[in-house]
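Per chain, numbering begins at 1; letters A, B, ... match sequence-line order. The structure presented is a predicted model; accordingly, all values stated were derived computationally and were not measured.
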Protein chains: 2
Amino acid sequence: MAAGSIDRRVARTRSRLQQALLKLTAEKEYGAVTVEDICREADVGRSTFYTHYPDKECLRKATIDEHMKSLQAGGAERHSMRDFESFSFSGPAFAHAYATREMHRGLMGGAKREIPQEIRDWVSGQIRRELVGIADGGKDRVRLEIATRFVTGAFFEVMHWWLDGDGRLPPQEVDRMFQKLAFDGVGTALAARDDGGS
Amino acid sequence: MAAGSIDRRVARTRSRLQQALLKLTAEKEYGAVTVEDICREADVGRSTFYTHYPDKECLRKATIDEHMKSLQAGGAERHSMRDFESFSFSGPAFAHAYATREMHRGLMGGAKREIPQEIRDWVSGQIRRELVGIADGGKDRVRLEIATRFVTGAFFEVMHWWLDGDGRLPPQEVDRMFQKLAFDGVGTALAARDDGGS
DNA sequence: AAGATACTGGACGGCGTGTCCAGTATTGGT
DNA sequence: ACCAATACTGGACACGCCGTCCAGTATCTT
């Protein structure tokens, strides 16, 4: 077999396992899903699981990677370096999460907030990049870093809260509030009666 | 024996177990600490453990409760309802966490961000209470809620980042930046060269 | 077709959990 | 100081899940 190509069986099995994980993780806490559960759902032998992934966590990572990849294929015309009234990542993120809520509740780790490090880092990276635009030069790295963390934490918490809710609040609305809070702070965002952004 | 009083042996054992948990959890991930580890560290029979706590998680909760209690005993003159330039909870929180960093790294769940729900809720409550002061009446509950979550997430992420660091940044500094970010937003906080608050 | 490769399913040892119990301290009440 | 009540001990047990291994079978690629 040529080195780069992939056996149909392999692709099939991996896909099945990933699908199974997504399904189960939408039903219950990731931590409560056993390898056996996954295999049963995927209709794959348990020993087969281990020929593909060393453990459950690796399957999760692979699943996330795959998911991210398919996302980036969808939209690449995001970076228009706007005048800076908004983060460009958060809108699409909220919209995407909304489209497949059940899955994201699982992927992002339900009540326990066990967000996979990769996702956290990826989002952090996005935020940092956007914040660099505001910060004056790189002369205060600590300040940039703390702001990055601040926004990252806020973002995930808002996302969690929203996903745990009943889904009545539309993604644009959440994004708008999030952005306002991030840019203007609670002082402005809460005190002023605001009326729907620009 | 009188109904309310507590047998010395019980108090002793529970204290030992809690101390052991704190110590171990400072050394490694909470999830990686086994009941057996705790018992060995505490020098308590494993079966004894289960006569006091149904499982590891309950011990954690009890430990946290105890900790909180001892905290509230320490300082009760906090609520001066200031003019609203700051959250009153965060300063003491950063200061306290700083004083016993190793322990807090454990209690707040190291890299995994597994913050016990009780702590999260407690902090959320503080924040919500303080935010009510800014919000105009209770006519927009969603807005208040989203702001609460926003600040909560930001707070914990900043706290984590800071605890994971080398400890060179003093608590007052972190608190100052946190407050500025929360109240004025990243726009103001990052763009302006600021010089140390009032 | 045939050799390479992947899947199966069952067995194994290991570890951690939570329960139970008979035997042994320690305690608090009188 | 005694003694009944209560707590601690340590070892055994069944359970569930993990990760590994292997001989047998199915499926792919060339």
Student: Can you name the ring pair (Phe, Tyr, Trp, His ring centres under 6.0 Å) partners of Phe155(B), sequence neighbours left out?
Tutor: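 Result, ring pair (Phe, Tyr, Trp, His ring centres under 6.0 Å) vs Phe155(B): Phe89(B), Phe94(B), Phe178(B).
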Student: For Ser47(B), which residues count as a side chain to side chain donor-acceptor pair (under 3.5 Å) partner, sequence neighbours excluded?
Tutor: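 Expected list: none.
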Student: What is the separation between atom OH on Tyr53(A) and atom P on dA6(C), rounded to the nearest whole Å?
Tutor: 14 Å
Student: Flag the pair Arg60(A) and Glu118(A) as a salt bridge only when some basic side-chain nitrogen lies within less than 4.0 angstrom of an acidic carboxylate oxygen.
Tutor: no
Student: Holding to ring pair (Phe, Tyr, Trp, His ring centres under 6.0 Å), I want the full list of residues that pass it with His52(B), two or more places apart in sequence or in another chain.
Tutor: none
Student: Among dT20(D), dG18(C), dC7(C), which nucleotide has an atom closest to any side-chain atom of Thr51(A)?
Tutor: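 The answer is dC7(C), which lies nearest to the side chain.
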Student: Can you check the Leu24(A) CG to dC17(D) C1' distance for me, whole Å?
Tutor: 16 Å
Student: Hey, is NZ on Lys56(B) packed in by over 12 heavy atoms from elsewhere, all under 6.0 Å?
Tutor: yes
Student: Measuring to OP1 and OP2 of dC8(D), would you say a side-chain N or O of His52(B) lies under 4.0 angstrom away?
Tutor: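 Answer is yes, contact under 4.0 Å.
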Student: If we count only N and O atoms by modelled type, under 3.5 Å, do the side chains of Glu57(A) and Tyr30(A) hold a donor and an acceptor together?
Tutor: yes
Student: Under 4.0 Å from any atom of DNA chain C, heavy atoms only: list the residues of residues 35-46 of chain B that qualify, in numerical order.
Tutor: Val35(B), Glu36(B), Arg46(B)
Student: Classify the ring geometry of Phe87(B) against Phe183(B): parallel below 30°, tilted from 30° to 60°, perpendicular beyond 60°.
Tutor: tilted
Student: If the condition is salt bridge (charged side-chain N to carboxylate O under 4.0 Å, His left out), which residues does Asp175(A) pass it with, not counting sequence neighbours?
Tutor: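 By the salt bridge (charged side-chain N to carboxylate O under 4.0 Å, His left out) rule, Asp175(A) matches no residue at all.
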Student: For Glu145(A), what residues pass the side chain to side chain donor-acceptor pair (under 3.5 Å) criterion, not counting sequence neighbours?
Tutor: Arg128(A), Arg149(A)
Student: State, to the nearest 10°, the angle formed by the axis through the first five base pairs of the helix from dA1(C)-dT30(D) to dT30(C)-dA1(D) and the axis through its last five.
Tutor: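 It comes to 30° between the two terminal axes.
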Student: How would you label the contact of Thr48(A) with the nucleic acid (heavy atoms, under 4.0 Å): base, sugar-phosphate, or nothing?
Tutor: base
Student: Give a yes/no verdict on a cation-pi contact between Lys180(A) and Phe150(B), requiring under 6.0 Å between NZ or CZ and the six-membered ring centre and an angle within 45° of the axis.
Tutor: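 Judged by the rule (NZ or CZ under 6.0 Å from the ring centre, within 45° of its axis), Lys180(A) is not positioned above Phe150(B).
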Student: Just jot down the side chain to side chain donor-acceptor pair (under 3.5 Å) partners of Thr48(A), sequence neighbours excluded, or say none.
Tutor: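 Once residues adjacent in sequence are excluded, Thr48(A) has no partner under the side chain to side chain donor-acceptor pair (under 3.5 Å) criterion.
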Student: Please work out which residues in residues 10-20 of chain A have a non-hydrogen atom less than 4.0 Å from an atom of DNA chain D and list them by number.
Tutor: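 Result for residues 10-20 of chain A: none.
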Student: Apply side chain to side chain donor-acceptor pair (under 3.5 Å) to Asp166(B) and list each qualifying residue two or more places apart in sequence or on a separate chain.
Tutor: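 With sequence neighbours excluded, Asp166(B) shows a side chain to side chain donor-acceptor pair (under 3.5 Å) to Arg168(B), given in chain and number order.
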Student: Please determine whether a side-chain nitrogen or oxygen atom of Tyr50(A) lies at a distance below 4.0 Å from atom OP1 or OP2 of dT20(D).
Tutor: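 No, Tyr50(A) has no side-chain N/O under 4.0 Å of OP1/OP2 on dT20(D).
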Student: If the condition is salt bridge (charged side-chain N to carboxylate O under 4.0 Å, His left out), which residues does Arg40(B) pass it with, not counting sequence neighbours?
Tutor: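 Only Asp37(B) meet the salt bridge (charged side-chain N to carboxylate O under 4.0 Å, His left out) criterion with Arg40(B).
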Student: Tabulated below should be each protein N or O lying under 3.5 Å from an N or O of nucleotides 21-28 of chain D; please produce it.
Tutor:
| residue | atom | partner | partner atom | Å |
| --- | --- | --- | --- | --- |
| dT27(D) | O2 | Arg9(A) | NH1 | 2.7 |

